Amino acid sequence: MASRCWRWWHWSAWPRIRPPPARSTPSSRQQFSTQEQTPQICVVGSGPAGFYTAQHLLKHHTQARVDIYEKQLVPFGLVRFGVAPDHPEVKNVIHTFTQTARSDRCAFHGNVVVGRDVTVPELREAYHAVVLSYGAEDHRAMEIPGEELPGVFSARAFVGWYNGLPENQELAPDLSCDTAVILGQGNVALDVARILLTPPEHLEKTDITEASLGLLRQSRVKTVWIVGRRGPLQVAFTIKMPRPRKRLAELLLQTATEKPGGEDAARQAVAARAWGLRFFRSPQQVLPSADGRRAAGIRLAVTRLEGVGETARAVPTGDTEDLPCGLVLSSIGYKSRPIDPSVPFDPKLGVIPNMEGRVVDVPGLYCSGWVKRGPTGVIGTTMTDSFFTSQTLLQDLKAGLLPSGPRPGYAAIKALLSSRGIQPISFSDWEKLDAEEVSRGQGTGKPREKLLDPLEMLRLLGR
């Protein structure tokens, strides 16, 4: 975002979301007997966790066949629906995923909701191994009074709205207020703040949806507060560089204490929009307007830290602060949902109980990504995690711990889906939709104009 937009913090202190350098990962090719039958493996979820799992399996077992199931009509999960439009470089992993999907030993099956259209036991019956990589599809509720008021949204839904997630296209947030408050200080919170404050003309050449850009053009939001319950040393947003936590603290300190000079000071003095970080504040209640019909503010409990470092815990002091605002966006975390009654699930942690990716007490069932370890880390973290899960699976296969004998794989599932009236979307189908999106974007200088309506997508495919 241009520096002229800021009054309190210079843009250079704004952390960019980039994957960290990958840690060492298992790389030795597994040695499998040439007599071994072709392993049929399915992956549920086509986000980074799903595609990295598939990629590693295909690379390290030259006979394996991998089917990727996805509930959306289109692939790539949070890379498409979560990464901010003004961070196109983060989306470059799509090129790698596309190469994986085009492998003659890999197939993508979109528009298939596992747990509804087909069950996990049915998948386990058809495949030698099943990997659940469906991510964290829900948000954590604040569980405070007034959370249900109009004007209060989850940051996850807001991100889905401007990124074209079909289920969030009816969100229509009211941006007619002067002040917005974002609760949470992670990467998503910064993305949302930046989108709210970036001049719309700077977003016009990104893949943000035209519908959301239209509302942002009319936005009257001038001030955004990013609120965290702990202090600057515990913020959750990330930067990519050696010793990132130390460098992040230095950046925060530098921009908080140094006065801008000359040209920067002049720009900030006339800036139309501003943002700021508020530390040691925890949401206590969303305050209603006088008529009780919408949010008009947020009551924050003042906190202090018990303990030291990143493990320090925020506890209320008894003091409160009321912050007027017309828009409240909760960005306190994502969470996974249980997918099928047959799959163990820990509702408190929001993960599938597992040991090194092996689902507890369910042989042949594995998990990777956020549903395995919780919604933490960036794409590089997920890559490493997924490689380890696939390595675990291959070790079990080599050790003879997976079912022996041939499995029908997709042939069996295709028959089930057909009998239930489900029409899966192939990767070649997606490439037709992709070409249509790119074509629509060319007219306005955008990389693409995302298709938002699943029914329109199906019509374009002649369904």
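Computed from a predicted structure; not experimentally measured.
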Check whether any side-chain heavy atom of [X] lies under 4.5 Å from a side-chain heavy atom of [Y], and answer yes or no.
X: P166; Y: Q72; value: yes
X: C325; Y: W225; value: no
X: V221; Y: C177; value: yes
X: K91; Y: E89; value: no
X: V362; Y: P344; value: yes
X: F97; Y: P75; value: no
X: I422; Y: V118; value: no
X: T376; Y: T381; value: no

* To do: Can you sort out the partners of E147 under salt bridge (Lys or Arg N to Asp or Glu O under 4.0 Å), two or more places apart, ordered by chain and number?
  =>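 Once residues adjacent in sequence are excluded, E147 has no partner under the salt bridge (Lys or Arg N to Asp or Glu O under 4.0 Å) criterion.
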Nearest heavy-atom pair of [X] and [Y]: which atoms, and what distance?
X: D340; Y: P121; value: OD1-CD, 3.7 Å
X: G184; Y: I226; value: O-CG2, 3.3 Å
X: A64; Y: L57; value: CB-O, 4.4 Å
X: A136; Y: Y334; value: O-CD2, 3.5 Å
X: L203; Y: I208; value: O-CG2, 3.6 Å
X: A49; Y: S368; value: O-OG, 3.7 Å

* **Parallel, tilted or perpendicular, as decided by the 30° and 60° cut-offs, for the rings of F158 and Y162** =>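 Correct class here is perpendicular.
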* To do: Assign the ring pair F76 / W430 to parallel, tilted or perpendicular, where the plane angle (0 to 90°) is split at 30° and 60°.
  =>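 Perpendicular.
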* For Y410, all residues meeting ring pair (Phe, Tyr, Trp, His ring centres under 6.0 Å), sequence neighbours excluded ->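 Result, ring pair (Phe, Tyr, Trp, His ring centres under 6.0 Å) vs Y410: H109.
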So which pairs with a foot in [range] pass salt bridge (charged side-chain N to carboxylate O under 4.0 Å, His left out), sequence neighbours left out?
range: residues 372-382; answer: K372-D385, R373-D385
range: residues 93-115; answer: R102-E431
range: residues 128-141; answer: K71-E137, D138-R337
range: residues 168-182; answer: D174-R294

Output yes when a side-chain donor or acceptor of [X] lies under 3.5 Å from a complementary backbone atom of [Y], and no otherwise.
X: S219; Y: L215; value: no
X: E437; Y: L451; value: yes
X: E449; Y: E210; value: yes
X: R273; Y: L197; value: yes
X: T209; Y: N163; value: no
X: N111; Y: Q423; value: yes
X: Q185; Y: R278; value: yes

* Give every residue pair that meets the ring pair (Phe, Tyr, Trp, His ring centres under 6.0 Å) criterion with at least one member in residues 115-138, sequence neighbours excluded. =>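 Qualifying pairs: none.
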What pairs with [X] under side-chain contact (heavy atoms from CB on, under 4.5 Å), at least two apart in sequence or on another chain?
X: T444; value: K446
X: T392; value: E356, R358, Y366, D396
X: S154; value: H139, R156, A157
X: A54; value: V66, I68, T100

* Quick one: do E122 and R420 make a salt bridge, cutoff under 4.0 Å? ->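 Judged by the 4.0 Å cut-off on N to carboxylate O distance, E122 and R420 do form a salt bridge.
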From [X] atom [atom1] to [Y] atom [atom2], the distance as rounded to the nearest 0.5 Å:
X: L216; Y: T198; atom1: CG; atom2: OG1; answer: 9.0 Å
X: D434; Y: S428; atom1: CG; atom2: OG; answer: 12.0 Å
X: R217; Y: S212; atom1: CZ; atom2: OG; answer: 9.5 Å
X: Y52; Y: T389; atom1: OH; atom2: OG1; answer: 14.5 Å
X: F51; Y: I94; atom1: CZ; atom2: CD1; answer: 9.5 Å
X: C42; Y: L132; atom1: SG; atom2: CG; answer: 8.0 Å

* Report the residue from I41, L58, D67 that forms a side-chain contact (heavy atoms from CB on, under 4.5 Å) with C106. =>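 Result: among I41, L58, D67, L58 is the only option passing the side-chain contact (heavy atoms from CB on, under 4.5 Å) with C106.
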* Heavy atoms of other groups near D361 CG, more than 12 under 6.0 Å ->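 Check fails, neighbour count at 12 or below.
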* Is K414 atom NZ crowded by more than 12 heavy atoms from other residues, nucleotides or ligands, each under 6.0 Å away? ->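 Atom NZ in K414 is not crowded, with 12 or fewer foreign heavy atoms closer than 6.0 Å.
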List, one per line, each side-chain donor-acceptor pair under 3.5 Å for residues 454-463, sequence neighbours excluded.
{"unit_1": "E456", "atom_1": "OE2", "unit_2": "R440", "atom_2": "NH1", "d": "3.1"}
{"unit_1": "E456", "atom_1": "OE2", "unit_2": "R440", "atom_2": "NH2", "d": "2.8"}
{"unit_1": "R463", "atom_1": "NH1", "unit_2": "P424", "atom_2": "O", "d": "3.3"}
{"unit_1": "R463", "atom_1": "NH2", "unit_2": "D429", "atom_2": "OD2", "d": "2.7"}

* Asked: Is there a side-chain contact (heavy atoms from CB on, under 4.5 Å) between I332 and M142 once you walk through the steps?
  -> CA-CA 8 Å; I332 59 174; M142 293 185 289; 3.9 Å; yes
* To do: Decide yes or no on side-chain contact (heavy atoms from CB on, under 4.5 Å) for F387 and Q55, but give the supporting numbers first.
  => CA-CA 8 Å; F387 285 179; Q55 174 188 318; 3.8 Å; yes
* Asked: side-chain contact (heavy atoms from CB on, under 4.5 Å) between W275 and L196: does it pass, once the steps are laid out?
  -> CA-CA 10 Å; W275 69 282; L196 281 171; over 6 Å; no
